[in-house]
Structure formats: structure tokens, C-alpha cells
Participant: 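Handing you this structure, nothing more for now.
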Amino acid sequence: MKSLSNLNLVAIILYCSAGIFIGLSVYTFYYAQGASYLSNEPKACVNCHIMREQYDGWQKASHHAVATCNDCHIPHRFIPKYLAKLKNGFWHSKGFTFQDFHEPIRIHPKNRITLQKNCLYCHGEFVSQIAAYPGDNRRMLDCIPCHRNVGHGPTQ
Amino acid sequence: ENVSQRKKEARQHVFRVVEITEDTIDPVIWGKNYPRQYDGYRRTVDEERTRHGGSEAFNKLDEDPYWRVIFNGYAFGIDYREDRGHAYMLSDQDMTERLKVAAQPGACLHCHSSVIPAYREAAIKAGVSADDSHRQEQIMKGFEIVCAMPYQDARNMVSHPVSCIDCHDSETMQLRVTRPGFLNAIQALAKVDYPLPHLPSIERWRKDGRKDEYDVNTMATRQEMRSFVCGQCHVEYYFKGEGKLLVYPWQKGLRVEQIESYYNETSFKDWIHKISGTPVLKAQHPEFEMWSQGIHARSGVACADCHMPYKREGAIKISDHHVRSPLLNIDTACQTCHHFSEAELKARVEVIQDRTKALMIRAEEAVVALIQDLQKAKEFGISGEQLKSAQDLQRKAQWRLDFVAAENSMGFHAPQEAARILAETIDYARQGQLEVMKLQPVTQ
Amino acid sequence: ENVSQRKKEARQHVFRVVEITEDTIDPVIWGKNYPRQYDGYRRTVDEERTRHGGSEAFNKLDEDPYWRVIFNGYAFGIDYREDRGHAYMLSDQDMTERLKVAAQPGACLHCHSSVIPAYREAAIKAGVSADDSHRQEQIMKGFEIVCAMPYQDARNMVSHPVSCIDCHDSETMQLRVTRPGFLNAIQALAKVDYPLPHLPSIERWRKDGRKDEYDVNTMATRQEMRSFVCGQCHVEYYFKGEGKLLVYPWQKGLRVEQIESYYNETSFKDWIHKISGTPVLKAQHPEFEMWSQGIHARSGVACADCHMPYKREGAIKISDHHVRSPLLNIDTACQTCHHFSEAELKARVEVIQDRTKALMIRAEEAVVALIQDLQKAKEFGISGEQLKSAQDLQRKAQWRLDFVAAENSMGFHAPQEAARILAETIDYARQGQLEVMKLQPVTQ
Ligand SMILES: [Ca+2]
Ligand SMILES: [Ca+2]
């Protein structure tokens, strides 16, 4: 199973990034109410005003009533879930502190795969005939170009 | 209750009721396993007109008589119709007057029938090993043989319009390309240097050092395949040499002048224009080529996205196999990506198409004027040699005009490119007239 | 620290340090209250070139000498430059040779300076009540007076290029339109019948029975205002009659042939072409008109969305007052709407612009060829009367060519429309040549 190698990774990254993460951004974490990052509460994400646009969009989008940020953006299995939160938490804190990220914010390719998988978590059966293969570069049917607005409403 | 009912439906949507193999042509049999797709497929018999397209096979020559002048001396000047649904492709070919006024080769069937088994059969008869491991060899050899046959002989070997097996692998149901014309052409295209940002797998193959041949069925992404299966037939083509081998002229690229320059190199002509005496070219349905120049292709939007959009049927989602004008189902074809009302989207298409149409008529007038001037000059007794430069300009102009006219979206697939091509048409046609005029003093 | 600083910023980003009134022209004073916007505004002094635009004031006549032929006999044939940042508008006007070779009126200042106080001053001098309740009357009357003045006299009444007060209400900071030229024209446009799907407030006014006059400052939506403030100046114009009244010719609509037909009705001409003797038109920066024909306008995308995009400064978002080519900041200008890389978006613009440019050169060749043919015919001694139909065609062709060339996006604001216009250019120019040719036998 994949979770074995994942576990190794978890261990390594937990140690390394935890160190850097704590050293670098304890303050950010504290001040931006970082603890809430680990919850499922969407408000946790808007603690960074940089997420404001996505938050506002989410409130008006079709999934507002049925899915929160984490349902779409964070893996649903336990270990990858907290691993992802940690990794993303690290990058987001770093980005927020140093203001060195590209704007407008763009989802990272890996997180986009996670997102796809989460679409299938809920809609897997519905789209079973059009098999989606998230993460398989050649065979993947990408949901996002057609359904970009489901999470945050139209951008155009 | 509703939800659980739908979940149940969803779980059991594929019953493999029957066995399907590479020899199963009959869509009815496939339909037993995939009834929803089959239902859509069958509906391509429907006929409904849109402002510039749709599926009524009206006669284009009656709609706009300029074309009788432009096609004078060629079979298209006799019978040329609006295309309609896939269900008609074989019978429409059987019935066109074009087949009666001129002998046509078996090559015609490549795009109007489920022809692969016929290719294999012909190859095996000709001595290629019947073994399954020689499948591709059978197809390519049989293709050559059938292309060269008289139409009727080949016609007797096929029985269905495009069928499931032409786009799908019988085992995995994945998309695949079967048509030799396309397989050859896409390899040639890959080798060209001109950039193809809308075909990422070719760009990747080029970047990776162009190892072996580019193999569309193993290298293309799924999204590309959703256009390639259509590119099997919706392309410009010609019959090469005595063997009438079907060739898509992409050896220099997909743009109108690249194709022209390929034809010019071998001095190819489709026919000699009866009024002007010019060796001219005929363009046929370059949908794939025009789409390639548009913003949709560049954005990764495939033919199937618009012409076979996903639709909801109960608890599952399927591709609408009722291939047709997207203007007949704007909600599924366009609105997932574009958040405007159906009326607004329709209006946008029509603004683009009306502009194209107006320019097209302007361009037709110019080409017809040139043909008439050439006619008068000939009546005056001016010799062919002197008319050469004007005739060359007619060839250029007519090729461009036809490229837009024969393309079936009335400019929508690439609006600015269509207008650009028509602008060049006008320039060449009017310059041709000037060339003829220059000869006038000589005759006085 | 960073976070807390920003949280604080977000709370208190406007300190009203100084009082601003309708008489405060100097942007430095406004800048005390709005330092971020002022910082951007000041940066319009920057100079950076893009492939087809940017802000270096290179000489267009040297880049492409055809234009010396096309503009022959007119001030534009002497000095015509690429436009640059707003900071230069007044000094560039002062310095252009066009001002030296021909006497220009005060009307020029309407779009090159913060002119409203000058209008009011002139009106009050001329007897209009100085009372604030007569503000609009002062402006409209002063406009008429200043238009008719000699340039230098009017020039002495102004001191700043476009300033905050030209786009903003001094009290509420809301956008507002001040320019009489625009106010008159948009009312005339509203009265036309042709559909304006991109201007919903006008459509609404029409549907509601066209009561009173259409009043842009009270009826337009905020999103429309984000284009209207630019439409105050980035438009085609002419000086009407002896009073040199500045008029935007939208009485029949915004399209190139609608404007042409307006000019034709009054036999208006900008000058007599020196080589051909044709009374011709000059087009100037029809950005608003071309944008109106494009898909962005139809989608509700305003000038300010691309040319003054929101950008984040710390915790707050402001409009980037460094008005310039969006290709210099694709991330804020385009990527909010388009999910493609900066390189890809740049490439898309350049594909559109390169197509336009190639067609434009083709069209220039045709127009120049016609001018040369007319010249030869005149040298031959053919009379003006006989040349009339060829000259009419020159007028038509040249007007269209110039409409695309004078527009500053090299086709981007409306790609297919630009190509359509150039196609017509070519058609008319070549037909003009044919008309001249027809006269040849007469001379032999
Ligand atoms: Ca059709
Ligand atoms: Ca510029």
C-alpha cells in the first residue's frame, strides 16, 4: 500500500518541517490563529486575509452548503490529511510571512490532484462511467476546466 | 429514497450483457452494453436547422448560386449539401450526384463507414498474415488496396456508418484512433517544426528528442484524444497519385498557406476550372485544422467538449453521443464553462458567424469577378500563357475562400483566422483582376 | 510583525489629511489623502516597450514609411508617435510638430489636460452665473468657448495633464464623467436604435421608454463607469464647423461604417490628400469604439479591469493607477480571470496582434498602390471628375485602415472585427485600382 511510503515521508517531513515551521512561524501561527488551521472550520482559512477572496467566493458558490474547504482541498484519509495540512500550513505561513508568492494565488499541481480526488470522493459513482484517473497524466479527465466555479463561483 | 435509488442505479450501470470484440461492428450489439450512449448515437438521424448550420441537408448551391460559378467543371458544382448527422454518412455518400457524374475511388469510404474490418479482409486476401498480431499491418495494407478500388466494389465491403468500434477500443472502451489517413498525417505533423501549443503530447515528444515515431494511440493525452477521434475524418484531404491513396496534407503544418505550399510543391490540382482554365484546389471540411488555430484549442477545449458534452442521465453522467450542432444544446455544451445565458451565448456565436458570412460573400464576389474577367479575356483571345499570373491568383484566392466556406462552423472555430483568410482571398482575387486588366491595352 | 502590521493597515487605510474640493486640480494634494493611488499615477512617466505597444514615444512614420504616403498633405504625415503614459499628455501635445505646422484650436485640450476649471472660468467670464448650482452650465458653455480659442490662448489656462478630479467626485471619490464631448455623445448614442448589449444602463433606459435624457452620471452602473471615464478621451472625434466644437461621431452607432455614414452625410473631410486629391478622413484612437465590438466588453470587462487592475498593497486592494499596457503586468491584469500562465497569455495576445499587423501591412500596401495609381492617372491628365469613383474608394479604404491602425491595441480589443475592417480596406483599395485601370483605354 501507498501509506507505507507515506508514513516514512510523514516521519521525515514531520521532523524537518516541524522544526523549521515552528522556528519560522510560531508567531504567524499564533497570531493568524494557526491552531484553527487544523480544524475543519472554513473561518480558519480566512484568518489569512489572503484567503478572503476564496472564502467569499465559496460562500456564494454551489457547494457552500455541502462542502467546506477541507472537503475539497485536504485528503480525506487520516494520515495524508494531517501531512497535507502540515505541508500546506508550512508553505502558507512562509508565503504569508515573506510575501514571496505569486499573485493571484494559484493552486499547486499536487494540490490540484488532491482536489480532483476529492471530487470523486463525493461524485465517484456519478462519474463512474467517465472514469477520471486523477494523477494519471495521460488518462486523467480533469474536472476543473469545466467545473472551476463549483468551489468559488465564477471568476469571469 | 431518491438518493439511495440513484446510488443503486449508478452501481449497476454497466452490465456487460454481450461480448464485444474487434470484429463487432454492429452498434446494436454495443448498445446492449451501453444503452445510453447508443440511444444518443441513434438520435443523429434528427434534423434541425440553425442559422448557419444544423442538420438539414439543404442544397448549398441553391442557397448561394455563386458556388456554381466557383466550382464550375467540378462535381461539387453539381451537388453540394449541408452536412447532417452521422447516421446519414453512408447513405448521403451513396446518393450524392457527385458520385454519379465522376468515378470515385474506394478511398471515399475511409470516412463514411466503419471500414476497418473491410481493410483487414482485403489485406488478408492479398496475402498479409491473418494473425491478430499483424492487425496494424492488415489495416495499413488493406487501406492502400481499398483506396484504389472503384467505389462500388469497396462499397459492397462495408455496411455501417461510423460505429462504436471506430472510436473505442472494444475491450477497454478507451478512445483510440483507427484511421490510417490520420495515423500517417499526425506522424508527419509531429515532425514539422512549427509550434503546436494545443497538442501537448506532440510538443513533449519533440522535446524528448523525437525518439521513434510519434504514436498517437500510446502518447496522446485523453483530452487530446477527445479531438483526435474527430480529426480522423473532419480534415482536409486529397487522393495521392494513381493509387488514390488518401492523404491529409499536413507535411508543412496545419495552416491554410502551409497546406497550399505542400500542394504547390507537387503542382497538385483538384480540377481545371472550366471557365477560367485555372488548375484549382478544392478544400474539404478542415474543421480540425481551423479548430487548431482558435482560442478553444489553445485552452485545451476538445471537439467532444462541445459536440458530445457530458449530460446527466439519472444517477450517472455520460457523453452525449448525439453528435450535432452545440447550438441545439447550449446548456450542456457551453454553459459549464461560460456563465452567460443561452440567449447571450447564441448571440455571441451569431455575431461571429454573421461577420464571417458577410466577409465570405464579399470574398465570393471578388472571386467570381475574377473568373468572369478571365472568361472575357479568353473570349478576347488572350493566350493562356499571358493569363498565368491572373490564374495563379485565382488559385490562391479560391483555395482560401473555400477553406473557410468548406469549414463547417462558419468561422466559429477560429474567428479571427477565418477573417484573415478571407481578407487574403479578397486581396488575391482583386489583384488577379488587375492582372487581367493590365492585358487589355495589348488587345486594343 | 508583518501580519499585525497588515491587520492594522486593513483597518485604517484612509486618512483624510487635507480637504479636497471641486477646485483642487493638483494631484499632489489629492495624493496626501490617497498616497497609494498617487504613487501609481506618478509612475505613468515610466517608459517600457512591448511588441506592438508600450510607452516609448517612437516615431510611427519612421517605423513604417507607408504612412507618410497615406497621410500626405496632413499634419500627421509630419509627426506621429506611439502614445505613452498619462504623465506626458500635456507636454507631448505641446511638443508635437503637428501643432507647429497647422493652427490648432483649444478643443485639443479637452483630452490632454485637467481642463474643467478652465471651462468654468471662461464661462463665468462670458457671463454665466458663477454660482455652484450653475456648475454644469458653466462647463458646457466654457467648453464651447475654449474649443474655439486658438490653442496657445487656451493652453495658458491649464496646467496639469489628466488629474484625479477628471475621473473622481471630490467629495465621494466616486467615478464620474466630466467631459462635455462624452456627455453629448453618449446621449446621442443612447438614442440610436442599434443594440448595445455591453452597455446595460443604456439598454435599460431604452426599455423604460427613453424618458428624459440618458444621464450617464446617475444611470450608468459602476462597472460601466470603469470604461466610461476612459471613453471621455479614448475615442474617435472631429471638430465641428467654425466653432471647432469637439464632437464624437456616434449619432448612428459605434461601428466603423456607422461613423463613416455620419461623416458622409455632412460631406465631412479631415483634409484633401495631397497626392490623389481625395477628401479623406483621419481616425483617432477609437479604443472605446473597438472595445465595444469585442468579447470582453460583451462580457462586462471594463478598461479599468485590464489597465488599472486591482493590486494588493499590504492588506488592502487598490486600483493600480499606473495606467499602461497590461502586458507589463499580466498577473494582475489578466490572471484574475484567466487561469493560464503569463507566458501563455502573452503568447495569445501576440498571436492576435501579429495576425492584425500582417493584415494591416497588406492593407497599407493596397491603399498605397491605389494612391500611386491615382497619382499616375492625374499625371496622365485624367480629370478629377473621372477619378471620382476611385477617390471615393480611397476614402472608404483609408478610413477603415486608419480605424484599425489608430486604435492602440493592434487588434486585441476586438480581433475578428479588426480583421473584418482590414478585409474591407483591401477590397475597396483594390477596387479603386480597378476603377483607375478602367480609365486607361480612354487615355490611349
Ligand atoms: Ca450540418
Ligand atoms: Ca503606448
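None of the values given here were measured: they were computed from a predicted structure. In the text below, chain A, chain B and the rest are named by the order of the sequence lines, each starting its count at 1.
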Participant: Quick check with a 6.0 Å cut-off and a 45 degree axis cone: is B:Arg348 positioned over the face of B:Phe340's six-membered ring?
Facilitator: yes
Participant: Using the six-membered ring wherever Trp is involved, compare the ring planes of A:His123 and A:His63 and label them parallel, tilted or perpendicular (cut-offs 30° and 60°).
Facilitator: perpendicular
Participant: Side chain, backbone, both or neither: which part of A:Asp142 has an atom under 4.5 Å from a heavy atom of chain B?
Facilitator: neither
Participant: Who among B:Ala220, B:Ser299, B:Ser319 has the most heavy-atom pairs with chain A under 4.5 Å?
Facilitator: B:Ala220
Participant: How far does NE2 of A:His73 sit from CG of A:Leu115, to the nearest 0.5 angstrom?
Facilitator: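 CG of A:Leu115 is found 5.5 Å from NE2 of A:His73.
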Participant: Decide, yes or no, whether a salt bridge links B:Glu313 with B:Lys317 under the criterion of side-chain N to carboxylate O below 4.0 Å.
Facilitator: no
Participant: Check each atom of B:Met173 against the heavy atoms of chain A and say whether the ones under 4.5 Å are side chain, backbone, both or neither.
Facilitator: neither
Participant: Contact part of B:Gln37 toward chain A, heavy-atom cut-off under 4.5 Å: side chain, backbone, both or neither?
Facilitator: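 B:Gln37 touches chain A through side-chain heavy atoms alone.
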